[in-house]
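Here the structure is laid out as structure tokens; the discussion comes afterwards.
Lettering follows sequence order; numbering is per chain, from 1. Hydrogens, waters and symmetry mates play no part in the numbers below; they use all other heavy atoms, side chains included.
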Amino acid sequence: MDFRKSEEQELLIDNLRELFSNEGLTESYFAECDIKHAYPEKMTKVLLENGYTFLGLPEEYGGTPCDNLTQIMIYEEIARLGAPVYAQFNMYIALKDMIEFGTKEQMRLVMDIAKTGTTPLSLAITEPQAGSDTSAIATTATRKNGKVYINGHKTFITGAGDFPYMLCVTRDLDNPKPHKAMSMWLLRNDAPGITMRKLDKIGTNTIGAYEVYLENVEIDETDLVGAEGNGFMQMVKNFEFERLVQCSYSLGWAEAAFEDAVRYAGQRVQFGQSIGSFQLIQKKISDMALKIENMRNILYKTSWELDNNIPVQISSALTKLCCVGPGYEVLDDALQIFGGIGYTNDLRIQRLWRDSRLQKIAGGTEEIMYHISSRAIIKQHQ
Amino acid sequence: MKIVACYKCVPEEEEIKVKSDRTLDFLKAQWKIGLYDLNAVEAGMKLMEEVGGEVAVMTAADDIVENSKMRKAILSRGPAQMYGIKDDAMKTADSYATAQVLKAGIEKIGGIDLVLCGEGSGDIYAQQVGPVLGALLGWPTVNAVSKITPADRKLLVERSIEDGTEVLEVDLPAVVCVTSDINIPRIPTMKEILGAGKKPSTIWNLADVGAKIVNGSDTISILAPEQTDRLRIIFEGGSEENIEALYSHLRKMRRQ
Amino acid sequence: MNKVQNVLVVAESISGIAELTAGAAALGENIELIYAGNRSDAVNAETAYYLGDMRNDTILNAITSIVSLVQRNKPSLVLVESTRNGRIISATIAAAIGTSVLTDPSEIKLEEEAVISIRMVYGGAAFKAEKGVGEVKVVCVGGGVFEAGQTRAAGTIVDFDMGASDIRFVEKRAKEGKKVNLAAAKCVVGVGRGFGSEANLALARDLADAIGGEVGCSRPVAEEEKWMPKESYCGVSGVMIKPDVYIACGISGQVQHMSGVNQSKMILAINKDKSAPIFEKCDYGIVDDLKIVLPILTQKIKG
């Protein structure tokens, strides 16, 4: 079994490093974006101009066809450099979703925006009473006088206030089968009837999350994305790949923190020796290395499965369990190795630690991953 | 315009180790395309984009010629194809020998209008292969070129020489060695990297091109310099005392 | 050490002519010189061939005639001044006679009849000792390798026909700004990326003025940031300096730069990054922001 990266993958990663270094996408830039809660415009522009933004999209949309594994390696590298890689998350997801379900018109609209480097749309799914339990979604789409009216309350919507459009999931409350009752609609984020409140998060500062109130927001039938009632299936279609993308962030950040911490452990002297010579620190270091190794292996394997049309329902959930929790533990151990200075804003470890903590919650909580995987595993064995 | 840019794969200098007998150990050093060669390739690409034609790249070396990653690394910079002349003796070939082999390659391809070279190779930096190649081909040869303007069957070149800028006109075919500030080599796009492996590569041996490796010099030794031990007295922080201390050492040296 | 019989020097600058002919005198019995510039620049040679002032032509057009002279006179050793033109002149001579040019030696010596050149390779990681093959050796020598010393007048000066032109001269634009001779400077202040902006270079110039030195730089400062001209770049593919004192400011200390400056008698370093490689390669260093340290140091020197 050849576990080596292909030459193309190596070249792409070398290039990415050179690009970030040449274009001033360095730690001080990332830190500045985080402190200022500023969207990383420069990074977005560089990724767009060099073809990374549309990686994996078909050529007819200006993309570069690329296998999932290579894409994952690239996101991992961007994270490993310490960059706010998650700021680009919606771009990939939005475009992949629209290619699957959008009409030609909708796709053209979205691509025109994407080409300027702006993420075209946010994904408005979650509601105060509907997080893991998507069947509790209560936002509705009501038809009246030839128009459609959206009413509801969404929350934790990444980029709702920043991206011009919103893919809003509604449910037909009269349908007894909630997962067959959802629909997706394309809304302008500044449509009359929409008000927003930005949430005050503890991390992933470069992209906002919003509470969105929708009061009789008027749209047209043509704003339906995909098939009516098929919204849930559409939503989960790309979930598996999204999970892997999140894992690549956890992996990259863990690798970055690990490098910082190991170097420090070799330099920091207490009691007349480097702290790296104390057993409890040594245990942390080996555990961190072990977790990173496991994260990388399962992530690459599952990406390979996806590329080879092997079902990844179970393996993508297990991959997320292997990556987001242990990945956060690596971040936490790294911060501990740094001691007091790890707790200050002078080092990047605190930013990576805050940002990676979200991965255990967003895009499907760890608890849900356990539920999905074990239910399917048990079913397999019947 | 039919253009050939010559290149050389060199070891990453930072990864070269020095053995206890002061000889060099290249085992852990990664290969890379010589930095200045990328300027030559980029210059060729820009000319081709301006007047049409084709850019190919050529190298003469030992097994590294066939190294797949190196081939993709250079082809991802834009050239249409790559030619490699491979022979083990190239490992110890000097600039004169290398130029002879490249000349044979250029003549075998035939119909070349312009050969582009970098300032010098990334490892030995003798800055000779380009000029010797031009002399052997018998073509007008210029170096230190910081700007190239194509015209019909000729080039207007600007050379950055010691006392200023010299503007010359040379007829094609010609050999042009470019400076490192003539351009900033493009960073390959995703598409270019993924497509590089599909571009044609032609590998020849010496007999194929009718060349022999004849060195014009002998290497006596390659040794790391004796270690000048520097004092390495480092002051943390620019305090008044520290700067005063630094200044007193400086004063002592200048008084001598 | 047996001197060789005849040495031919090809040079186009006053310092090149003086230094190379002095070097030729140390290595050989008879000296001939082919030169450009002012007719009166010829020194030290028994016979000097004058090409002209090159105001409206390029010395590259004289190469065919130069090669013919070499083939006729068969000197044992040809020393060509290592200018950009010199590289082509030497290459063409060597190609015609079937030898390799020994370029940019930091040292040249005679061992029995062999001319040995020692030069820096692999970005400064090593020195290569090499010698030429064949009856005629060709060496391309830069400034500072030979000492000009006392010059004596040249013997016969002959006008030398450039011959047919194969390259058309269009124009020459002189360089602006004063010429700096970094290779001969006794004190050099090195400017690195750590200065942050072109405006801050004034701090380096103030320091250099205070110590009576010159300002050099690292490659990124010349080629990428373009805050200083290429001629100021000290390093493996730039100027090699040998001052008494070299003060590296905001320079990280990569081998490509250090190989151009590590023949300095004393190296001082100022850099705010404690882990910069320069601190392994200097005699004295201060870890702090150069914008703070330089003005204070300059003030102390001014007294």
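- The distance between the ring centers of B:Phe235 and C:Phe279 does not fall below 6.0 angstrom.
- C:Ile301 touches chain B through backbone and side chain together, each having a heavy atom under 4.5 Å away.
- Both the backbone and the side chain of B:Ile243 come within less than 4.5 Å of a heavy atom in chain C.
- Contacts between B:Ser121 and chain C at a heavy-atom distance below 4.5 Å are absent for every atom of the residue.
- With a threshold of 4.5 angstrom between heavy atoms, C:Leu268 approaches chain B through side-chain atoms but not through N, CA, C or O.
- Pairs of residues two or more places apart, or lying in two chains, that qualify as salt bridge (charged side-chain N to carboxylate O under 4.0 Å, His left out) and include a residue from residues 14-25 of chain B are B:Arg22-B:Glu226.
- Heavy-atom distances place the side chain of B:Leu35, and not its backbone, under 4.5 Å from chain C.
- Interface residue B:Leu156: only side-chain heavy atoms are found under 4.5 Å from chain C.
- Heavy atoms closer than 4.5 Å to chain B are found in the side chain of C:Lys226, but not in its backbone.
- The structure places NZ of C:Lys128 at 3.5 Å from OG1 of B:Thr219, a figure rounded to the nearest 0.5 Å.
- Heavy atoms closer than 4.5 Å to chain C are found nowhere in B:Gln100, neither backbone nor side chain.
- Chain C is approached within less than 4.5 Å, heavy atom to heavy atom, by B:Asp123, B:Ile124, B:Tyr125, B:Ala126, B:Gln127, B:Gln128, B:Pro131 from residues 122-131 of chain B, ordered by number.
- By the ring pair (Phe, Tyr, Trp, His ring centres under 6.0 Å) test, C:Tyr233 is found to be paired with no residue, residues two or more places apart in sequence or in another chain being considered.
- Contact check on C:Arg84 versus B:Glu166 returns no salt bridge, with no Lys/Arg side-chain nitrogen under 4.0 Å from an Asp/Glu carboxylate oxygen.
- Within residues 96-105 of chain C, the residues having any heavy atom less than 4.5 Å from a heavy atom of chain B are, in residue-number order, C:Gly98, C:Thr99, C:Ser100, C:Val101, C:Leu102, C:Thr103, C:Asp104.
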